[in-house]
Amino acid sequence: MNLKSISYLLMAVCICCSIPAYSQEETKPSHPLTGVWQMAMMMKGNDNDQFSIRCLPAFKILNADGSFYNMQIGNYSQVGRAHFNQEGTYVIETDSTYTEYIAKSPHESYEGIKSPMKYQVVPEHGILLTQYWNPDTKVWMPEMWIRVETPKKE
C-alpha cells in the first residue's frame, strides 16, 4: 500500500467513525412558542351557537435563536404582496409571559419598543393565545394564532 492509499483509508475511517457520534448528538427540544403561527379569529356562523376559526393573512415567526418576525400578506399599496410589519428579538420571561423587542417596523413609532406579551399554548389543538399591551388604550389586546404545520403524508 502506498502513502496515498493509506491517507484515503484513514480519511474514510475518520468519516465513518464520526457519523454515529454526530447522529447521536443530543438536541434540545425547542420551546412550545417557537415556530410559525398564522393569525386567526373566531367567527360566528349563521347559527348563533356555531363558531368557526378563520385564518387571516398574518404570520408570527418565533425562532429558537430569539428572533421574531411578524409578516402580513397584502398591504396598503400592493395587494397580495407579503411584507414584514415587525421584526426584532424576544425573551421568554415565564411560562406565560414573554417580551418582544421591536427593532424594525414600517411604523417608526414602534421601533425600539419593548412589548410585553402574555401567552398560553394549547398544544393539542396547535393554538397560541396571546395578549399584548396597548399603551394607547391601556388594555391587553387578545390575539389567536394557529401553528403552521408541514402536511402529513397520506
Let me have the donor-acceptor pairs involving side chains of residues 117-130, under 3.5 Å, with sequence neighbours excluded, atom names and distances please.
residue: Tyr119; atom: OH; partner: Thr94; partner atom: O; Å: 3.2
residue: Tyr119; atom: OH; partner: Asp95; partner atom: O; Å: 3.3
residue: Thr130; atom: OG1; partner: Glu143; partner atom: OE1; Å: 3.0
residue: Thr130; atom: OG1; partner: Trp145; partner atom: NE1; Å: 3.2

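Scanning for side chain to side chain contact (heavy atoms under 4.5 Å, CB included) contacts around Asp136 gives Asn134, with sequence neighbours left out. Checked against ring pair (Phe, Tyr, Trp, His ring centres under 6.0 Å), Tyr132 has no partners two or more places apart in sequence or in another chain. Partners of Asn85 under the side-chain hydrogen bond (donor to acceptor under 3.5 Å, both in side chains) rule, at least two apart in sequence or in another chain, are Gln72. Listed by chain and residue number, Phe84 satisfy the ring pair (Phe, Tyr, Trp, His ring centres under 6.0 Å) test with Tyr69 (two or more places apart in sequence, or in another chain). When the side-chain hydrogen bond (donor to acceptor under 3.5 Å, both in side chains) test is applied to Glu87, no partner is found at least two apart in sequence or on another chain.
Clustering ILVMFWY residues whenever any of their side-chain heavy atoms sit less than 4.5 angstrom apart, transitively, puts Met144 in a cluster other than the one holding Val139. A chain of hydrophobic side-chain contacts below 4.5 Å, direct or via other Ile, Leu, Val, Met, Phe, Trp or Tyr residues, connects Met41 to Met141. Hydrophobic clustering, with ILVMFWY side chains joined whenever heavy atoms are under 4.5 angstrom apart, keeps Met39 apart from Met71.
Going from atom CD1 of Ile146 over to atom CG of Leu56 covers 10.0 Å, rounded to the nearest 0.5 Å. Taking OH from Tyr90 and OG from Ser115, the interatomic distance works out to 14.5 Å, rounded to the nearest 0.5 Å. Rounded to the nearest 0.5 Å, atoms OH (Tyr110) and CD1 (Ile102) are 8.0 Å apart. Atoms CD and SG, on Gln38 and Cys55 in that order, are 4.5 Å from each other to the nearest 0.5 Å.
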Q: Show your reasoning for whether side chain to side chain contact (heavy atoms under 4.5 Å, CB included) applies to Met43 and Ile53.
A: CA-CA 6 Å; Met43 298 289 294; Ile53 295 175; over 6 Å; no
Q.
Checking Asn70 against Phe59 for the side chain to side chain contact (heavy atoms under 4.5 Å, CB included) test, could you report, in this order, the C-alpha distance in whole Å, the side-chain angles of both residues, the deciding distance, and whether it holds?
A. CA-CA 6 Å; Asn70 288 340; Phe59 298 86; over 6 Å; no
Q: Take Leu33 and Tyr98 through the side chain to side chain contact (heavy atoms under 4.5 Å, CB included) test and state the conclusion after the steps.
A: CA-CA 10 Å; Leu33 273 179; Tyr98 75 98; 3.7 Å; yes
Q.
One pair to check against side chain to side chain contact (heavy atoms under 4.5 Å, CB included): Tyr101 and Val91. What are the steps and the verdict?
A. CA-CA 8 Å; Tyr101 297 90; Val91 175; 3.9 Å; yes
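The salt bridge (Lys or Arg N to Asp or Glu O under 4.0 Å) analysis of residues 101-115, with sequence neighbours excluded, yields no pairs. Within the structure, the salt bridge (Lys or Arg N to Asp or Glu O under 4.0 Å) test picks out the following pairs touching residues 54-65 (sequence neighbours left out): Lys60-Glu100.
Closest approach of Pro142 and Trp140 over heavy atoms only: CD-O, 3.7 Å.
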